[in-house]
Amino acid sequence: MIENSTILAIASDHGGFEMKEFLKKKLFESGFRTKDFGTFSEDSVDYPDIIHPLAKAINENEYSIGIIMCGSGNGAQIVANKYPNVRAGLCWNVEQAMLTRLHNNANILSLPGRFIPFDQAWKMVEVFLSTDFEGGRHEKRVNKIPIIL
Ligand code: RB5
């Protein structure tokens, strides 16, 4: 369970801008505060330029939880998962949002801003924030994610 005193990191490119603004409002109404890494308009931007700063901040533990969006959710997730301490789950429904916390200990939720209804995205965020990592056998698996060279 993420306490609503936690400041959540949030970011999107233009493809997720409208959803980001919607989710920010819902989060604010629920008592959460957000650090918005952009983008700040519907003008076209390159998703890596927006997502790298958020993912770096999560990687360095400046923020513990992030919510990211692009049109498909894919580009944003791919960038975020370049960072060793980031586990970004791309989710399309509530069950997946729950599972990526329970099983993957995801610290970033990636959403497809152009493909799911905004009220569904909000339900996914609520579930993501209220679900704890299950640990146990999943802890062993999550510990095996980092590349060992
Ligand atoms: C932007 O048009 C789109 O490519 C981007 O939002 C995202 O879907 C990339 O993965």
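Only this structure's heavy atoms are used, side chains among them; waters, hydrogens and symmetry mates stay out. Since the model is a prediction, treat every value here as computed from it, not as a measurement.
- A distance-only check finds no donor-acceptor pair linking the side chain of Thr131 to the backbone of Leu102 [under 3.5 Å].
- Ile67 and Val127 fall within a single hydrophobic cluster, where Ile, Leu, Val, Met, Phe, Trp and Tyr side chains are chained together by heavy-atom contacts under 4.5 Å.
- Criterion: ILVMFWY side-chain heavy atoms under 4.5 Å apart, direct or through other members. Under it, Ile65 and Trp122 are part of a common hydrophobic cluster.
- Between the CD atom in Glu60 and the CG atom in Asn85 there is a gap of 9.0 Å [rounded to 0.5 Å].
- Classification of Lys25 and Glu21 as a salt-bridged pair fails, no side-chain N sitting under 4.0 Å from a carboxylate O.
- A distance-only check finds no donor-acceptor pair linking the side chain of Arg114 to the backbone of Gly16 [under 3.5 Å].
- Residues Ile50 and Ile78 are members of separate hydrophobic clusters, defined by side-chain heavy-atom contacts under 4.5 angstrom among Ile, Leu, Val, Met, Phe, Trp and Tyr.
- Here Phe118 contributes atom CZ and Met124 contributes atom CE; the two are 13.0 Å apart, rounded to the nearest 0.5 Å.
- Here the shortest heavy-atom pairing between Thr34 and Ile7 reads C-CG2, 3.9 Å.
- Residues Phe32 and Lys26 fail the side-chain proximity criterion, which asks for heavy atoms closer than 4.5 Å.
- Counting only heavy atoms from C-beta outward, the side chains of Thr39 and Ser12 approach each other to under 4.5 Å.
- Here OG of Ser130 is found 7.0 Å from CE of Met98. Values are rounded to the nearest 0.5 Å.
- Inter-residue side-chain proximity for Leu109 and Val125 is flagged as met; some heavy-atom pair is nearer than 4.5 Å.
- The two atoms that bring Ser72 and Leu90 nearest to each other are O-CD1, 3.8 Å, heavy atoms only.
- Residue Arg87 is tested with Ile58, Asn107, Asn104, Thr100 for a side-chain contact (heavy atoms from CB on, under 4.5 Å); the sole match is Asn107.
- Leu27 has its side chain within reach of Leu129: a pair of non-hydrogen atoms, C-beta onward, lies under 4.5 Å apart.
- Residues passing the side chain to side chain contact (heavy atoms under 4.5 Å, CB included) test with Phe28 are Arg33, sequence neighbours excluded.
- Here CG of Asp132 is found 7.5 Å from CE of Met1. Values are rounded to the nearest 0.5 Å.
- Annotation for Lys56: atom NZ does not count as buried by contact number, only 12 or fewer foreign heavy atoms lying within 6.0 Å.
- In terms of heavy atoms, Ile108 sits closest to Ala80 at CD1-CB, 4.1 Å.
- The nearest pair of heavy atoms linking Leu54 to Ala11 is CD1-CB, 3.6 Å.
- Contacts of Glu95 classified as salt bridge (charged side-chain N to carboxylate O under 4.0 Å, His left out), with partners at least two apart in sequence or in another chain: none.
- Between Met69 and Ile10, the shortest heavy-atom distance links the atoms CE-CG1, 3.9 Å.
- Ile2 is connected to Leu111 through a chain of hydrophobic side-chain contacts under 4.5 Å among Ile, Leu, Val, Met, Phe, Trp and Tyr, so both are in one cluster.
- Remark: the backbone N or O of Asp46 is not paired with any side-chain donor or acceptor of Asp13 at under 3.5 angstrom.
- To the nearest 0.5 Å, atom CD1 of residue Ile51 and atom SG of residue Cys70 are 7.0 Å apart.
- Sorted by first then second residue, the ring-ring contact (aromatic ring centres under 6.0 Å, His included) pairs that include residues 126-149, not counting sequence neighbours, are His103-His138.
- Annotation for Ala9 and Phe37: closest pair CB-CE1, 3.8 Å, computed over non-hydrogen atoms.
- Taken from NZ in Lys82 to CG in Asn59, the straight-line distance is 13.5 Å, to the nearest 0.5 Å.
- Aromatic ring centroids of Trp92 and Phe115 lie under 6.0 Å apart.
- Within the 4.5 Å cutoff, no side-chain heavy atoms of Leu8 are placed close to those of Tyr63.
- Remark: the backbone N or O of Glu139 is paired with a side-chain donor or acceptor of Asn143 at under 3.5 angstrom.
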